[in-house]
*Asks:* 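Have a look at the structure that comes next, please.
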Amino acid sequence: MILPHLEEANLIEISRDSTGDIKEVFEYVSSAEESLEDMTRLWLNSNPTDVERVVVESLEICSLRPHSLSEYQETLIKQGFSEETINLARELQKSFRLIQEVSVQGIKEPYLYNEYLWGNRIHEAVRFFDHLPPEIKDYVAELMEQVRNKQGYPIRLLKDIPKEVINDAEQVGLIDTTKIVTQDGRQELFAFTPHFFGVGLEKTALDLFNEVKLFVASIMYGHRFATYRIKDPIILVEALLRDKEVGPASPIGRDYPLIETAGIVKVEKSKFHSDRYYMRLIKEDVVKQGLAVLKKGFVEQLGRYNLDSTGLYLPGDFQGPEEYRTQLAATLAEPSRASLMVREQVIRAMRGEDFW
């Protein structure tokens, strides 16, 4: 059923024998974005029914935030769909678990949501959204859109979103915030959406993903804020995976202590340049997942990955979302001078350097 449509759209080439049976299929692999555009055109050219259109529109509607039943219906009616079509599509979506519904105590109508994106946080999310005025809901949707498209995005670079909206979204768990403190005490916060993790993961997987977030946030810090900025994070990470090391360069020795102390990479001084360092690959699984996030915005399937999460975390270096969320209402203190000194000494010891 599918191959003729793909062939007609010039996405594949099929080689057949004299009887018409398929011998080989050649596919033309493009980027993820181009593939999605190709599939969209293919889908539209197949003349989908109104019910099928509503199903696809619903996935988009519920990907940014949960919608009450009345909001959901009103949005689709404005797009020209009948109430009968919307209700039929809604039943089909529930049957195939594309869109879920939840009723929360004290809230008068059910909410529709994407289970993959919200998982077990849905009750908190519904209580949060149910009391928001429409204009604030629009701000939250815009926040989710910005972060979803660029995982590990710096909080202070988010555009046109009131700070109080960002704080509320962090506290309720609509976005996860990773805090990074550099060796010299500079701080930045980086945002991830909940679907970065997926649903129902074991603790060992969450530990791995925390390391992935640490890696992504560190690389994004290097790209956005470091003394000598990374021009293209994807090229750098691909080189690290391919060559097992990058460098030598002076910034490696001072701008990326977090992924060094976590055991994701090892920093070694160049034998020929006393002020330059190499970054050598240690945890290949973490870096591979980090590359997937930088390219696609989400982690890949675990299956074949080693979930070993050993590493040395120094106080104040890396702060995951749950830890940061509990401190959000309080003023974040600057790391003490003693803490910075201990951090520097530990890093030097790891590199085999004298530090006394």
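Numbering starts at 1 and runs along the sequence shown.
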*Asks:* If hydrophobic clusters are built from ILVMFWY residues whose side chains come within less than 4.5 Å, do L59 and M39 share one?
*Replies:*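 Unlinked, L59 and M39 end up in two clusters.
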*Asks:* Do E57 and R53 meet the salt-bridge criterion of a basic N to acidic O distance under 4.0 Å?
*Replies:*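 No salt bridge links R53 with E57.
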*Asks:* Find out whether I175 and M144 are in side-chain contact, i.e. whether some heavy atom of one side chain is under 4.5 Å from a heavy atom of the other.
*Replies:* yes
*Asks:* Counting only N and O atoms by type, is there a donor-acceptor contact under 3.5 Å from the side chain of N87 to the main-chain atoms of E83?
*Replies:*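 Such a contact is found between N87 side chain and E83 backbone.
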*Asks:* Strictly distance-based, threshold 3.5 Å: is any side-chain N or O of Q146 a donor or acceptor partner for the main-chain N or O of K159?
*Replies:* yes
*Asks:* Quick check: do F215 and K283 have side-chain heavy atoms less than 4.5 Å from each other?
*Replies:*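 Contact flag for F215/K283 side chains = no.
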*Asks:* Can V51 be reached from V56 by stepping across I, L, V, M, F, W or Y side chains whose heavy atoms are under 4.5 Å apart?
*Replies:*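 Different clusters: V56 never reaches V51 through Ile, Leu, Val, Met, Phe, Trp or Tyr contacts under 4.5 Å.
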*Asks:* How long is the straight-line distance from CE of M220 back to CG of L157, given to the nearest 0.5 Å?
*Replies:*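 Between atom CG of L157 and atom CE of M220 there are 9.0 Å.
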*Asks:* Can you see which heavy atom on Q151 is nearest to which on V216, and at what distance?
*Replies:*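 Closest heavy-atom pair between Q151 and V216: O-CG1, 4.2 Å.
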*Asks:* Side chains of V265 and L240: does their closest heavy-atom pair fall under 4.5 Å?
*Replies:*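 The answer is yes; the side chains approach within 4.5 Å.
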*Asks:* Could you go through S270 and Y278, starting from their C-alpha distance and side-chain angles, then the distance that decides it, and tell me whether this counts as side-chain hydrogen bond (donor to acceptor under 3.5 Å, both in side chains)?
*Replies:* CA-CA 6 Å; S270 169; Y278 286 94; 4.7 Å; no
*Asks:* Evaluate the criterion salt bridge (charged side-chain N to carboxylate O under 4.0 Å, His left out) for residue pair E238 and R242; output intermediate values, then yes/no.
*Replies:* CA-CA 6 Å; E238 286 178 336; R242 181 186 65 246; 5.7 Å; no
*Asks:* Consider only side-chain heavy atoms of I, L, V, M, F, W and Y, link residues closer than 4.5 Å, and tell whether L44 and L42 are in one cluster.
*Replies:*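 No; tracing contacts between hydrophobic side chains, which count when under 4.5 Å, never links both residues.
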*Asks:* How far does OG of S58 sit from CG of L112, to the nearest 0.5 angstrom?
*Replies:*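 One finds 7.5 Å between OG of S58 and CG of L112.
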*Asks:* Decide, yes or no, whether a salt bridge links E124 with R127 under the criterion of side-chain N to carboxylate O below 4.0 Å.
*Replies:*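 Salt bridge absent between E124 and R127.
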*Asks:* What do you reckon, is CG of D160 surrounded by more than 12 foreign heavy atoms closer than 6.0 Å?
*Replies:* no
*Asks:* If Ile, Leu, Val, Met, Phe, Trp and Tyr residues are connected whenever their side-chain heavy atoms lie under 4.5 Å apart, and connections chain through other members, are I2 and W43 in the same group?
*Replies:*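 Unlinked, I2 and W43 end up in two clusters.
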*Asks:* Using a 6.0 Å cut-off, check whether atom CD1 of I22 has over 12 heavy atoms from anything other than its own residue.
*Replies:* yes
*Asks:* Would you mind checking if R65 and E145 are paired as a salt bridge, meaning a charged N to carboxylate O distance below 4.0 Å?
*Replies:*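 Result for this pair is no, no salt bridge flagged.
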*Asks:* Quick test of your reading of the model: are E260 and K266 salt-bridged, counting only N-O distances below 4.0 Å?
*Replies:* no
*Asks:* To the nearest 0.5 Å, how far apart are CD in E7 and CD1 in I14?
*Replies:*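 So the CD of E7 and the CD1 of I14 are separated by 4.0 Å.
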*Asks:* Please tell me whether I252 and I235 are part of a single hydrophobic cluster in this structure, the criterion being side-chain heavy atoms less than 4.5 Å apart.
*Replies:*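 No, I252 does not connect to I235 through the hydrophobic network.
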*Asks:* Just wondering, do V54 and L76 contact through their side chains at under 4.5 Å, heavy atoms?
*Replies:*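 Answer yes - side chains close enough.
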*Asks:* Quick one: are F190 and Y153 in side-chain contact, heavy atoms under 4.5 Å?
*Replies:* no
*Asks:* Determine the minimum heavy-atom distance between D50 and F81, stating which atoms define it.
*Replies:*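 Heavy atoms only, the tightest pair is O-CE2, 3.9 Å.
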*Asks:* Quick one: do Q100 and I122 satisfy side chain to side chain contact (heavy atoms under 4.5 Å, CB included)? Show the steps, please.
*Replies:* CA-CA 10 Å; Q100 296 294 303; I122 187 59; over 6 Å; no
*Asks:* With no hydrogens and no angle check, just 3.5 Å: does a side-chain donor-acceptor pair link Q73 and S70?
*Replies:* no
*Asks:* Can you confirm if the NZ or CZ of K213 lies within 45° of the ring axis of F192 and under 6.0 Å from the centre of its six-membered ring?
*Replies:* yes
*Asks:* So, taking the atom named SG in C62 and the one named OH in Y72, what distance separates them when rounded to the nearest 0.5 Å?
*Replies:*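 Rounded to the nearest 0.5 Å, the SG-OH separation comes to 6.5 Å.
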*Asks:* Atom CG in L132, atom CG in D168: separation rounded to 0.5 Å?
*Replies:* 7.5 Å
*Asks:* Does either side chain, that of S250 or that of Y277, offer a donor lying less than 3.5 Å from an acceptor on the other one?
*Replies:*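 On atom types as modelled, these side chains do not qualify, holding no pair under 3.5 Å.
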*Asks:* Where the side chain of S218 meets the backbone of L214, is there a donor-acceptor pair that is under 3.5 Å apart?
*Replies:* yes
*Asks:* Between the main-chain N or O of R224 and the side-chain N or O of R229, is there a donor-acceptor pair closer than 3.5 Å?
*Replies:*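 Present.
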*Asks:* Less than 4.5 Å apart, side chain to side chain, heavy atoms only: is that true for V147 and L158?
*Replies:*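 Side-chain contact under 4.5 Å: yes.
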*Asks:* Mind listing the closest non-hydrogen atom pair of T49 and E52 along with its distance?
*Replies:* N-OE1, 2.8 Å
*Asks:* Are E24 and R16 close enough, and set up right, to give a salt bridge (charged side-chain N to carboxylate O under 4.0 Å, His left out), and what steps lead you there?
*Replies:* CA-CA 7 Å; E24 293 178 306; R16 295 179 172 85; over 6 Å; no
*Asks:* If you look at every heavy atom in L143 and A169, which pair is closest and at what distance?
*Replies:* CD2-CB, 3.7 Å
*Asks:* Could you give me the CA-CA distance, side-chain angles and deciding distance for K163 and I155, then say whether side chain to side chain contact (heavy atoms under 4.5 Å, CB included) is met?
*Replies:* CA-CA 9 Å; K163 179 61 178 175; I155 289 287; 4.0 Å; yes
*Asks:* Tell me the closest heavy-atom pair linking I219 and I230, and the distance in Å.
*Replies:* O-CD1, 3.9 Å
*Asks:* Do you see a donor-acceptor pair shorter than 3.5 Å between the side chains of Y111 and D130?
*Replies:* yes
*Asks:* Would I180 and Q187 count as a side chain to side chain contact (heavy atoms under 4.5 Å, CB included) here? Give the steps.
*Replies:* CA-CA 6 Å; I180 285 183; Q187 302 183 30; over 6 Å; no
*Asks:* Look at atom CZ of F129 and say whether more than 12 heavy atoms of other residues, nucleotides or ligands are closer to it than 6.0 Å.
*Replies:* yes
*Asks:* Regarding K244 and E284, does a basic nitrogen lie under 4.0 Å from an acidic carboxylate oxygen?
*Replies:*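 Result for this pair is yes, salt bridge flagged.
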*Asks:* Could you tell me which non-hydrogen atom of G222 sits nearest to which non-hydrogen atom of Y256, and how far apart they are?
*Replies:*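 Closest approach of G222 to Y256, heavy atoms only: CA-OH, 3.3 Å.
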*Asks:* Under 4.0 Å between a side-chain nitrogen and a carboxylate oxygen: does that hold for K137 and E142?
*Replies:* no
*Asks:* Between H273 (side chain) and K271 (backbone), is there a donor-acceptor pair under 3.5 Å?
*Replies:*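 Looks like no, no N/O pair under 3.5 Å.
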*Asks:* Does a sphere of radius 6.0 Å around CD in E27 hold more than 12 heavy atoms from other residues, nucleotides or ligands, not counting ones at 6.0 Å or beyond?
*Replies:*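 No, the 6.0 Å shell around CD holds no more than 12 heavy atoms from other groups.
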*Asks:* Using atom types as modelled and distance alone, determine if a side-chain donor or acceptor of E91 lies under 3.5 Å from a backbone N or O of L88.
*Replies:*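 Flag not set: sc E91 to bb L88 has no pair under 3.5 Å.
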*Asks:* Measure the shortest side-chain to side-chain distance between K269 and R276 over non-hydrogen atoms and say whether it is less than 4.5 angstrom.
*Replies:*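 In short, these two side chains do not touch, never coming nearer than 4.5 Å.
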*Asks:* After noting the C-alpha distance and the side-chain angles of E8 and N45, does the key distance pass the side chain to side chain contact (heavy atoms under 4.5 Å, CB included) rule?
*Replies:* CA-CA 11 Å; E8 185 178 352; N45 289 338; over 6 Å; no
*Asks:* To the nearest 0.5 angstrom, please state how far the NZ atom of K288 sits from the CG atom of L291.
*Replies:* 10.0 Å
